[in-house]
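Below: one structure, written as structure tokens.
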Amino acid sequence: MLYEPQKIEPKWQRFWEENKLFRAEDFSKKPKKYILVEFPYPSGDGLHVGHARSYSALDAIARKKKMEGYNVLFPIGWDAFGLPTENYAIKTGIHPQKVTEENTANFKRQLKSLGLSFDWSREINTTDPKYYKWTQWIFLKLFEKGLAYQAEIPVNWCPSCKIGLANEEVVGGACERCGAVVEKRTLKQWMLKITAYADRLIEDLEKVDYLDKIKTQQINWIGKSYGTEIDFQVESSGKKIPVFTTRIDTIFSGTFIILAPEHQLVKEITTKEQKNAVEKYVKEAAQKGELERSELEKERTGVFTGAYAINPANNEKIPIWIADFVLAHYGTGAVFADAHDQRDFEMAKKYNIPLKVSLRPKNDDLWERVKNLKVCYPEEGILVNSAQFDGLTSAEARKKITTWLEKKGAGRKTVNYKLRDWVFSRQHYWGEPIPIIHCQKCGVVAVPEKELPVELPYVEKYQPTGTSESPLAVISDWVNVKCPGCGGRAKRETDTMPNWAGSNWYYMRYCDPENDKLIADSKKLKYWLPVDWYNGGFEHTTLHLLYSRFIYKFLYDIKVVPQPEPYQKRTSHGVVLAEDGRKMSKSFGNVINPDEIVNKYGADTLRVYEMFMGPFGETIAWSTQGVKGVYRFLEKVWRLFSQCIENKESSPQILRAVHKLNKKIDEDLEATKFNTAVAAFMEFVNLCQERKEKVGKGTLEHMLTLLYPLAPHISEELWRLLGQKESIAFQKWPKYNSKLIEEETITLVIQVNGKVRDKIEVEADISEEKARSLAISREKIKNRISDKEIKKVIFVPGKLINIVI
RNA sequence: GCCCGGGUGGUGGAAUGGUAUACACGCAAGACUUAAAAUCUUGUGAGCGCAAGCUCUUGAGGGUUCGACUCCCUCCCCGGGCACCA
């Protein structure tokens, strides 16, 4: 009998679906496991083999958990709002909704052909009004609590497409769509106050089991730093400039102040004499793109405002400058500058601004050069020229100077973050409308909850307007509404939400996908949440993963969800590159279509290959040869069946091997070491083949239950061919017999001075004395030792003996 | 520049203080075949040697240890993230 995956796979997929094998049961008495993979964006390119990597892995986990007796929820849906679909629709004239329907159908067909154990009865789609009603509801709650607000901020503007771009639409300073260089324009945008949750987003990482790499990246992204805020009085004016620093230990060498060009005090403090120069500089800085501004590392530029401030530490009068390397959006948009910062140092040298030193390095030669302002010394040191603080280390000085400034009322201990609030408006058609109404009298008014969802109007024209408004702005009968407050004339908000909006909370909806009264029933949320294991791409660590944690925490605060963290465990899979080591891309013509692999080798081969190709977390290039290797392995499994059908016991060696395999698979699957799990199966099959002996039915069944999570179709088929009436999915996950695994004999390694010189087969529990006399009696070892004195013997029971001479 | 990973045969990789190179690919030889494919068998880190065997080998150098791919220090290279962050 031949192994023909094309015949057996669709059969079992149909069987599993018709018998509702993978339906999750609300409130089951069994313990629950919520296994989640990131839901795909249904693009026109179809399923990527990278999706298949993540899904095959967690499918194996989900199937194993089910066998272990858990009530498993393993759902799937569609993250379908977004730009690629809108762009495609603009290009082809096919409505985005139609495009989405087609792409979704294609993705669904592809996912089903892989035989993944999703509970399709809970399928969701972010573009469904019944779904985005609740996306809008969350926005209203955020608005109610003051966490959604409007602000005038600079946005990326494409002068060619005449449209605002999100950061993710800007590639290397250029428009992703047309390639034009992006400018900055100030527009009124909706913002979400994620910064209010910065501390909790860091602290609560302690409560969850994420890969360390993921935790570190989130912590760095939030970028919490402790420091001091100091007030500099502007000379002969009531104004003060607050400045944030982490290096208050260098305050006594602060000889000038630098403001960001966008700093609000620039206009107010600039003197008449400097007005022209300052205005010119500010204008130039605004015109420079982000790219240009950060590229210009070589040459420092700046301009003097003409104004002076007082350094509160030593009451010295110091000049106030402007420079574009000072960022408006970090700290207070102003810094005090000194000889102990590379950038400040370079700028002072260029414009002949006086400098002095206040930190002494340990190295005397270096100190000589630092003292004479030959080099910048940005490290920590011992304080000098710092009045009563002389002689302290930088760390000590930071504490004492901060306390001293606090007493004088000129400064305070403070904390800063790199994390910024989240721009939540898009001037696009294909997204959730923001449920807000602008009334001339009442101002910004929330759409009443009972009027949700605010449906996206189905129109023929969804092209950009060319102004800085969304395409929705031109649909006058949709835009013009009565104010829910006063009944007067009002207009709808025409911006839509970014596609992170729908993916922020989607995993909650799987718990209760049909509910039209609530985001989800609270008892169901309590039963299923948190997600026990969530797998997705590393690239979502600082966007989707962080955003969705923030939204969940907010929902926890308003008592919608039961705990403060949504995901108990988070893992990430590595990217699958093309065979040539580059990214898979249509333009390179190197894309692997999963359909082709499934047609030629079957879903089981694709799934097992994706697990075998390399360590789960690493970036790996595709190898078609490697796929063939896995296919050969599955053929060997098939042959094992045709050779072993007779009803008898396996030999003790095979029996031991299958129990060892059991242990290995158990451990490797939990640790996401899928590649070595597959290797262990291969070793087992090779062993059976080498021994040329018929394997007993029981042993084969044992092996098939272990293989089932990774290669479900072939396992189910052979299981039935062995005469089983019930699906293999209902089998208990097998337990290994640890006594059977124990070996009676072992290979004892004999080392001389740490080098392997001989090996002997001995009983497993050999004593040290016996091992020693055996080792010394060996010819090879005798020759090595000859007349030399044995200094020491190290014996590792069951492993080795090392003779030191 | 900073923060995370990583560097092991011709290739993807295995081994987290105890037999380096599991497993797979590729390659070579043989069997089957009119032939090819598929399959099976054997071999396959490098060097020396007819052979038994010996020597070397985990990016480079040092250290700890009876013993280091594994731990520590210095450096080089590659991948990812952040980046004028005060």
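Below, chain A is the first sequence line, B the second, and so on; all start at residue 1. Since the model is a prediction, treat every value here as computed from it, not as a measurement.
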For A:Asn416 and A:Ser225, what are the C-alpha separation, side-chain angles and deciding distance, and is it a side chain to side chain donor-acceptor pair (under 3.5 Å)? CA-CA 5 Å; A:Asn416 240 289; A:Ser225 60; over 6 Å; no

Nucleotide of [options] approaching [X] most closely (side-chain heavy atoms):
X	options	result
A:Asn686	B:rA14, B:rA24, B:rA86	B:rA24
A:Thr245	B:rC40, B:rG26, B:rA86	B:rA86
A:Leu327	B:rU55, B:rG12, B:rC85	B:rC85
A:Lys213	B:rA86, B:rC4, B:rC84	B:rC4
A:Thr216	B:rC4, B:rU41, B:rA86	B:rC4
A:Arg757	B:rG12, B:rC84, B:rU55	B:rU55
A:Lys755	B:rU55, B:rA14, B:rC56	B:rC56
A:Thr246	B:rC23, B:rA86, B:rG18	B:rA86
A:Leu800	B:rG18, B:rG13, B:rA86	B:rG18
A:Lys792	B:rC25, B:rC66, B:rC84	B:rC66

Under 6.0 Å between the ring centres of A:Trp321 and A:Tyr281?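 Ring-ring flag for A:Trp321/A:Tyr281: false, centres at least 6.0 Å apart.
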
For A:Ala260 versus A:Ile322, what's the shortest heavy-atom pair and its separation?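 That would be C-CG2, 4.2 Å.
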
For A:Asp344 and A:Pro615, take the nucleotide of RNA chain B holding the closest heavy atom to each; which residue's nucleotide lies nearer the 5' end?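 On the 5' side of the pair lies A:Pro615.
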
So which one's nearest nucleotide on RNA chain B is more toward 5', A:Thr542 or A:Met682?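 The residue whose closest nucleotide sits nearer the 5' end is A:Met682.
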
Can you tell me the pairing partner of B:rG10 across any strand shown, Watson-Crick or G-U wobble, with both distances under 3.5 angstrom? B:rC25

May I ask you to verify if any side-chain N or O of A:Arg632 is less than 4.0 angstrom from the OP1 or OP2 atom of B:rG26? yes

Kindly say if A:Asn416 contacts the phosphate of B:rA86, meaning a side-chain N or O under 4.0 Å from OP1 or OP2.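 Looking at the OP1 and OP2 atoms of B:rA86, neither is under 4.0 Å from any side-chain N or O of A:Asn416.
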
Would you mind reading off the distance between [X] atom [atom1] and [N] atom [atom2], rounded to a whole angstrom?
X	N	atom1	atom2	value
A:Glu579	B:rG26	CD	C1'	13 Å
A:Ile222	B:rC3	CD1	P	19 Å
A:Lys780	B:rG53	NZ	C1'	9 Å
A:Leu748	B:rG18	CG	P	15 Å
A:Glu346	B:rG1	CD	C1'	12 Å

Plane angle bin for A:Tyr3 and A:Trp638 - parallel if under 30°, tilted between 30 and 60°, otherwise perpendicular: tilted

